[in-house]
Chemist: 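Dropping the structure in here first, questions after.
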Amino acid sequence: MALGRKKREAEVDPFYDMLFNILIAFVFCFIVALLAMNPVAKKAGDIPSKAEFIITVSWPDLNPNDLDTWVQDPAGNLVWFRQREAGLMHLDRDDRGTVGEILLVNGREIINPLNQEVVTIRGFAAGEYTVNVQYYETKNHEPVEANVSVIKVNPKAEVIFYGNIKLPSKGAERTTVRFTVDASGAVTDVNTLPKTIVQTL
């Protein structure tokens, strides 16, 4: 009798092992799901590294001409190549066409063909933002077409504006888009009415 009981317990053990492993896997998945549903709360004073809006101005690759991006916030702050930070805005790079785009690596010249400027807005103030593009310097005296996009990043990526403009000659300034943000960060108006913001030096 005792021999029969031992034999039976030996047959049941693998089932219990499997059941125990499934229970462990279930508990692990439950803990992971719980952590995903409750992200770590930010401490008071933490500054999130996210951006609220990303403005991109680009023109044809290898085009030698220099376009500049100007953005004005509701408080009248201006960001441009000589004022790369203003208010909550930041110009990542002043792209000057082909100037400064040649790198010497191991004795070989490497040309960066990309012509692009990016302005990030890391927070927002209620009111109107204006995005202008200026034809600052020319190398070939030809018109330049530029693409402009404004993307609202939070809580999910949303294209606020995408369009193109043609700048006929050196010195030309064009308003590409004006958009209004309310206190909650929602965009309430988008238009392309002209507004001069480029300052004469």
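Computed over heavy atoms, backbone and side chain alike; hydrogens, waters and symmetry mates excluded.
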Chemist: Establish whether Ile54 and Met89 are linked, either directly or via other cluster members, by ILVMFWY side-chain heavy-atom contacts under 4.5 Å.
Modeler: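 No: no chain of side-chain contacts under 4.5 Å links Ile54 to Met89.
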
Chemist: For the residue pair Phe124 and Tyr129, is the inter-centroid distance of their aromatic rings smaller than 6.0 Å?
Modeler: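 Ring-ring flag for Phe124/Tyr129: false, centres at least 6.0 Å apart.
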
Chemist: Starting at CD of Glu128, measure out to OG1 of Thr180 and round the result to the nearest 0.5 Å.
Modeler: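 It comes to 4.5 Å.
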
Chemist: Looking at every heavy atom in both Ala86 and Asn77, which two are closest together, and how far apart are they?
Modeler: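 Nearest heavy atoms, Ala86 then Asn77: CB-CB, 4.0 Å.
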
Chemist: Say you draw a straight line from CZ of Arg84 to NE2 of His90; how long is it, rounded to the nearest 0.5 Å?
Modeler: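 Between Arg84 CZ and His90 NE2, I get 8.0 Å after rounding to 0.5 Å.
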
Chemist: Quick one, Leu114 and Asp61 - any side-chain contact, counting heavy atoms below 4.5 Å?
Modeler: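 They are in side-chain contact.
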
Chemist: Tell me if the NZ atom of Lys166 is crowded by more than 12 foreign heavy atoms within 6.0 Å.
Modeler: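 No, because the 6.0 Å sphere around NZ of Lys166 holds 12 heavy atoms or fewer from other groups.
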
Chemist: Rounded to the nearest 0.5 Å, what's the gap from CD1 on Ile165 to CZ on Arg174? Could you check?
Modeler: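 Separation between the atoms: 7.5 Å.
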
Chemist: Using 0.5 Å steps for rounding, measure from the CG atom of Asp66 to the CG atom of Asp94.
Modeler: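 It comes to 6.0 Å.
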
Chemist: Please find the pair of heavy atoms, one from Ala126 and one from Pro74, that lie closest to each other, and give the distance.
Modeler: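 Heavy atoms only, the tightest pair is O-CB, 3.5 Å.
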
Chemist: For the residue pair Gln134 and Val198, what are the closest heavy atoms and their distance?
Modeler: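 In terms of heavy atoms, the two residues are closest at NE2-CG1, 3.5 Å.
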
Chemist: Evaluate Val187 against Phe53 for side-chain contact (heavy atoms from CB on, under 4.5 Å), listing each step before the verdict.
Modeler: CA-CA 11 Å; Val187 177; Phe53 293 92; 3.8 Å; yes

Chemist: For Thr188 and Val181, what are the C-alpha separation, side-chain angles and deciding distance, and is it a side-chain contact (heavy atoms from CB on, under 4.5 Å)?
Modeler: CA-CA 6 Å; Thr188 57; Val181 179; over 6 Å; no

Chemist: Taking all non-hydrogen atoms of both residues into account, name the closest pair between Leu193 and Thr175 and its distance.
Modeler: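 Looking at all heavy atoms of both residues, the closest pair is O-CG2, 3.3 Å.
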
Chemist: Do the side chains of Asp95 and Trp59 get nearer than 4.5 Å, heavy atoms only?
Modeler: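 Yes, at least one pair of side-chain atoms sits under 4.5 Å.
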
Chemist: CG/Asn164 to OG/Ser58 distance, rounded to the nearest 0.5 angstrom?
Modeler: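 Answer for the CG-OG pair, Asn164 versus Ser58, is 10.0 Å.
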
Chemist: Is the closest side-chain heavy-atom distance between Trp70 and Gln72 below 4.5 Å?
Modeler: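 Side-chain contact under 4.5 Å: no.
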
Chemist: If I compare all heavy atoms of Ile197 with all of Glu173, which pair ends up nearest, and what's the gap?
Modeler: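 Smallest interatomic distance, heavy atoms only, reads N-OE2, 2.9 Å.
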
Chemist: Nearest 0.5 Å please: distance from the CG atom of Leu67 over to the CD atom of Gln116.
Modeler: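 The distance works out to 12.5 Å.
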
Chemist: Step by step, work out the side-chain contact (heavy atoms from CB on, under 4.5 Å) result for Ile111 and Leu62.
Modeler: CA-CA 9 Å; Ile111 300 174; Leu62 295 174; 3.8 Å; yes

Chemist: Given Val79, which of Ile55, Thr69, Val71, Ile121 fulfils the side-chain contact (heavy atoms from CB on, under 4.5 Å) condition?
Modeler: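 It is Val71; the other options fail the test.
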
Chemist: Between Asn65 and Asn140, do the side chains contain a donor N or O and an acceptor N or O under 3.5 Å apart?
Modeler: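 Yes, Asn65 and Asn140 have a side-chain donor paired with an acceptor closer than 3.5 Å.
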
Chemist: Would you check if Val133 and Asp68 make a side-chain contact, meaning some heavy-atom pair closer than 4.5 Å?
Modeler: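 Val133 does not reach Asp68 side chain to side chain.
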
Chemist: Would you list the atom pairs, donor with acceptor, under 3.5 Å between side chains in residues 141-162 and any protein atom, with sequence neighbours excluded?
Modeler:
from   : atom 1 : to     : atom 2 : distance (Å)
Lys152 : NZ     : Asn154 : O      : 2.4
Asn154 : ND2    : Ala51  : O      : 2.9

Chemist: Should Val131 and Val190 be regarded as members of a common hydrophobic cluster, given that ILVMFWY residues are connected when their side-chain heavy atoms come within less than 4.5 Å of each other, either directly or indirectly?
Modeler: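 Linked, Val131 and Val190 end up in one cluster.
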
Chemist: Taking all heavy atoms of Leu78 and all of Gln83, pick out the closest pair and write down the distance.
Modeler: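 Nearest heavy atoms, Leu78 then Gln83: O-CG, 3.3 Å.
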
Chemist: Report the C-alpha distance between Lys170 and Glu137 in whole Å, list the side-chain angles of each, state the deciding distance to 0.1 Å, and finish with yes or no for salt bridge (Lys or Arg N to Asp or Glu O under 4.0 Å).
Modeler: CA-CA 6 Å; Lys170 177 182 174 180; Glu137 188 58 71; 3.4 Å; yes

Chemist: Starting from Leu104, walk the hydrophobic network (Ile, Leu, Val, Met, Phe, Trp, Tyr; side-chain heavy atoms closer than 4.5 Å) and list everyone else you reach, by chain and number.
Modeler: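 Besides Leu104, the hydrophobic cluster comprises nothing; the residue is isolated.
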
Chemist: Salt-bridged, Glu117 to Arg93, with N to O below 4.0 Å?
Modeler: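 A salt bridge is absent here (no side-chain N lies under 4.0 Å from a carboxylate O).
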
